[in-house]
Amino acid sequence: MTNQLSPDLTRILVSEVTIQQHVWELAQQISADYAHVERLYVVGVLKGAFIFLADLCRQLTIPHVVDFMALSSYGKAGAVSGAVRLVMDLREPIEGEHVLIVEDIVDKGLTLHYLVEALQGRQPASLKTCALVRKERHHEAISVDYLGFEIPDVWVVGYGLDYAERFRTLPYIAELNPSVYRA
Ligand code: 5GP
């Protein structure tokens with residue numbers, strides 16, 4: 001498989017099979033934890049989480065609704081993430097709902113922190129977080145309730161994650177060759 005990898009990618013960090021296995025395990029755990037609630041309110045963070053969210057939600061065995069938020073970091077892809085800005089808000093109030101934020105990747109945790117603060121203020125019945133991957137250098141600072149993988153501190157693409165809108169639909173998570181963003 002490695003010899004078919006695009007020269008824009010250095011290596012596969014998480015294979016398609018491993019992703020699917022972990023998504024299934026996360027869905028099982030979330031379904032068990034929320035088995036007692038009337039419905040789970042799943043908040044997907046665009047754009048990066050849309051593929052993860054689609055796979056995760058289709059494996060949930062509990063009643064749930066889906067809504068989206070879009071955030072933008074002032075920093076550029078491949079560079080340091082900066083201040084967070086709300087680009088698109090939820091359609092409905094979440095007061096009294098059991099809310100699960102679904103993020104693609106947690107790096108410094110600025111985005112997740114912003115979201116938790118923003119949504120906590122809207123009086124949900126409960127609020128938890130789920131992320132597909134977290135960069136291990138920040139693992140102590142940022143707690144995530146449901147986490148798929150820890151990865152090294154490199155720029156990754158695939159399974160929803162992009163670089164300048166490229167590579168999002170790869171079925172695996174791969175390290176981007178630094179020559180792509182240094183070019
Ligand atoms: P944080 O706010 O945790 O520092 O950064 C989170 C956001 O930065 C993610 O939602 C994502 O948009 C972007 N990000 C951070 N690291 C990566 C990465 O390795 N690959 C991609 N594609 N996006 C990343």
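Note that ligands are numbered from 1 as they come in the structure, with each ligand's atoms numbered from 1 the same way. The structure displayed is predicted, hence computed values, not measured ones.
Using a 4.5 Å cut-off on side-chain heavy atoms (C-beta onward), Tyr41 and Asp67 make contact.
Here atom 19 (O) of ligand 1 lies nearest to Lys135 when heavy atoms of Lys108, Lys47, Lys135, Arg168 are compared. Among Asp107, Val157, Leu161, Val106, the residue whose heavy atom sits closest to atom 5 (O) of ligand 1 is Asp107. Distances from atom 10 (O) of ligand 1 to the heavy atoms of Asp104, Val84, Leu176, Asp153 show the closest one on Asp104.
By the neighbour-count criterion of 12 heavy atoms within 6.0 Å, atom CD of Glu92 is sparsely surrounded, having that number or fewer from other residues, nucleotides or ligands.
For ligand 1, the atoms sitting less than 4.0 Å from at least one non-hydrogen atom of Leu110 are 1 (P), 2 (O), 3 (O), numbered in the order shown with element in parentheses. Against a heavy-atom cut-off of under 4.0 Å, Asp162 is close to the following atoms of ligand 1: 21 (C), 22 (N). Near Thr111, meaning under 4.0 Å from one of its heavy atoms, ligand 1 places the atoms 1 (P), 2 (O), 5 (O), 6 (C), 7 (C).
Side-chain atoms of Asp33 and Tyr146 include a donor-acceptor pair closer than 3.5 Å. Side chains of Glu25 and Gln21: a donor on one and an acceptor on the other come within 3.5 Å. Between the side chains of Asp55 and Tyr159, at least one donor N or O lies within less than 3.5 Å of an accepting N or O.
Residue contacts with ligand 1, taken as heavy atom pairs separated by less than 4.0 Å, involve Val154 solely via the backbone atoms N, CA, C and O.
Remark: distances from the non-hydrogen atoms of Trp155 to ligand 1 include one below 4.0 Å. For the pair Gly109 and ligand 1, a heavy-atom separation below 4.0 Å is found.
A donor-acceptor pair is defined here as one N or O able to donate and one able to accept, closer than 3.5 Å; such a pair exists between the side chain of Asp145 and the backbone of Thr129.
A salt bridge does not link Lys135 with Glu150: every distance from a Lys NZ or Arg NE/NH1/NH2 to an Asp or Glu carboxylate oxygen is 4.0 Å or more.
For ligand 1, the polar-atom distance check against Val156 finds a nitrogen or oxygen pair separated by under 3.5 Å.
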